[in-house]
Amino acid sequence: MLLLNASGCLDAMTAPPVARSLDAYVTKTITPLPREGNPPVRIAETEHGMLNAIGLANPGRDRFLVTVLPRLRELGVPIWVSVGGFSAAEYAETCAALEGVTIELNLSCPNVDEAPESAAEIVSACRAATALPLYAKLSPAAWDVAESARAVEAAGADGLSLVNTIRGLALDDRTLAPTLARGTGGYSGPALKPIALAAVYACAHATALPIVGMGGVRSGRDALDLIAAGASAVALGTILFADPDAPARVRSELDAECSARGYAAPSDARAIAHEAHAHAS
Amino acid sequence: MRREALEVVANEGIGPYHLIRVKRGALHPGDPGQFFMLEAPGRVLPRPMSVCFAHASELAFLIDPIGPGTRALCELRPGDAIHLLGPLGNGWRLDVERPLLVGGGIGVAPLPYLSERLGRPPALLGFRSEWHAEAAALVPNAEVVLEPTYVTEALPGGYDVLACGPEPMLEALRALVPDAQLAWEAPMACGYGACYGCAVEVDGVLERLCVKGPVLAAA
């Protein structure tokens, strides 16, 4: 079972051992031009999760390719590059410039203005620009995420990353003004798990694509739930902020959960929720 | 950096603040001004706290219960265990000739450890009230001023200033003492460069305070 980090939840340059404890390292989203990101305040804890409005802070495509990517390759783990943009052409240009990585298309950042094209149109443009594996990271806010999944599959995606954060708002205790400078932010953490499970479940039913499941995973049991819903890999997000040792812990908890339930490997539990549901109904 | 679950040894009230002492385990205490992420029981994210004291077998943190995370930390009892991650960030440069420690309010927190490492130099501390100023007892050789007097009004010249305190105090010091070393604060989710939440403006660009600081040169 592959264990990854969620994009934007780990900097391999400041914590190489944490990146090496994963089966693949996913970069923070890269855009064509450098971005400083949103002004502070950028994060806020809530009762059951956290909000972030970082705003895709990144060094830009050129500097990433020349100074960052060569150092990431030295980690010795497969690299996934999260690609962002403000038009389909921007996404495609970055895809065309990449080699030897898996690409995750960030089609769903809640903290910046979106490209005018649909997710499928962006995937289609990127498919024409690269033969590298292309994962489409979708928003859980779509009314019918399975429909989006079918559309990006038809457009040539090789896999799905489910889910990105969902837009949320927190108010300052004293002033009742939005805590984050941008106002709203992306909501992540434990509260996102049922939303992620529903999206993975729906998309595993709707497509045959491999799925990286993420959203509120804290334990091996959380990872098993995503796998049972149909994920073929699991990514850790917010938990990495609190616990950089989480990858090893989640892995051993997942193995123990599987043994206790009679699965020889986590992959044996993949999509088991669909069978169980079919039997029950 | 290293993460360990450690036992709380004591929780002592000092004015409005709490001095939380935990066993040190195998953690390195780091340098004055460096910090640890403390697990706040029941919360999603840990909280960044600079080291107040570092002894052979204990670390101590001075905490102001101002929100849900710090309140949870201040409710810890001896025997409880919390995870600590650290040491993190960059502390004060200690190669100064005439150190003067300057603190405001809960900014006094890292100064006891700094004072010990610098051989108990003079300190100037500002507090809101006599009650808050009880924390001054933690810092040797400290002169205390209370509001409405600010530390900037009592600041002697000719010293190498090493300071920690509220943002307006640090901004005022920055204007008065261009070579001061100032310890800043920002909301942090991780403390080790992962979340990009603690961005502050350094030399005109946004930088992660946990990576560049929390101690920064004034100019």
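Every value quoted in this text rests on a predicted model; they were computed, and no experiment measured them. Just so we're on the same page: letters track the sequence lines, and every chain starts at 1.
Between A/Ala19 and A/Ala12 the shortest heavy-atom distance is CB-CB, 3.6 Å. Between A/Ala53 and A/Leu180, the closest heavy-atom pair is CB-CD1, 4.0 Å. In terms of heavy atoms, B/Cys210 sits closest to B/Gly193 at SG-N, 3.2 Å.
Atom CE of B/Met49 sits about 14.0 Å away from atom CG of B/Leu59, to the nearest 0.5 Å. Note: B/Leu173 CG to B/Leu155 CG = 6.0 Å, rounded to the nearest 0.5 Å. The CG atom of A/Leu105 lies 10.0 Å from the OG1 atom of A/Thr94; values are rounded to the nearest 0.5 Å. Atom-to-atom distance recorded for B/Cys190:SG and A/Ile43:CD1 is 8.0 Å, nearest 0.5 angstrom. Between the CG atom of A/Leu4 and the OH atom of A/Tyr135 there is a distance of 8.5 Å, given to the nearest 0.5 Å. To the nearest 0.5 angstrom, B/Leu182 atom CG is 5.5 Å from B/Leu170 atom CG.
At a heavy-atom cut-off of under 4.5 Å, chain A is reached by no residue from residues 103-112 of chain B.
Under a 4.0 Å N-O distance rule, the pair A/Arg221/A/Asp225 qualifies as a salt bridge.
Residue contact with chain B, scored on non-hydrogen atoms closer than 4.5 Å, is absent for A/Ile239. Of the two parts of A/Pro244, the backbone and the side chain both hold a non-hydrogen atom closer than 4.5 Å to a non-hydrogen atom of chain B. With a threshold of 4.5 angstrom between heavy atoms, B/Leu85 approaches chain A through side-chain atoms but not through N, CA, C or O. With a threshold of 4.5 angstrom between heavy atoms, B/Met188 approaches chain A through N, CA, C or O but not through any side-chain atom.
In this structure, the side chains of B/Leu118 and B/Leu101 come closer than 4.5 Å at one or more pairs of heavy atoms. Residues A/Pro247 and A/Leu240 have side chains in contact (heavy-atom distance under 4.5 Å, counting atoms from C-beta outward).
Heavy-atom pairs under 4.5 Å with chain B peak, among A/Gly189, A/Ala57, A/Gly49, A/Cys9, at A/Gly49. The candidate with the highest count of non-hydrogen atom pairs below 4.5 Å against chain A, out of B/Gly191, B/Pro68, B/Gly197, is B/Gly197.
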Give every donor-acceptor pair between chain A and chain B closer than 3.5 Å, one pair per line, or write none.
unit_1   : atom_1 : unit_2   : atom_2 : d
A/Asp11  : OD2    : B/Arg208 : NH1    : 2.8
A/Asp11  : OD2    : B/Arg208 : NH2    : 3.3
A/Thr14  : OG1    : B/Tyr192 : O      : 2.9
A/Glu36  : OE2    : B/Leu206 : N      : 2.6
A/Arg42  : NH1    : B/Tyr196 : O      : 2.8
A/Glu45  : OE1    : B/Arg43  : NE     : 2.9
A/Glu45  : OE1    : B/Arg43  : NH2    : 2.9
A/Glu45  : OE1    : B/Arg47  : NH2    : 2.6
A/Glu45  : OE2    : B/Val44  : N      : 3.0
A/Glu45  : OE2    : B/Leu45  : N      : 2.9
A/Glu45  : OE2    : B/Arg47  : NH1    : 3.3
A/Glu47  : OE2    : B/Arg43  : NH1    : 3.1
A/Leu240 : O      : B/Tyr192 : OH     : 2.7
A/Ala242 : O      : B/Arg3   : NE     : 3.4
A/Asp243 : OD1    : B/Arg3   : NH1    : 3.1
A/Asp243 : OD2    : B/Arg3   : NH1    : 3.3

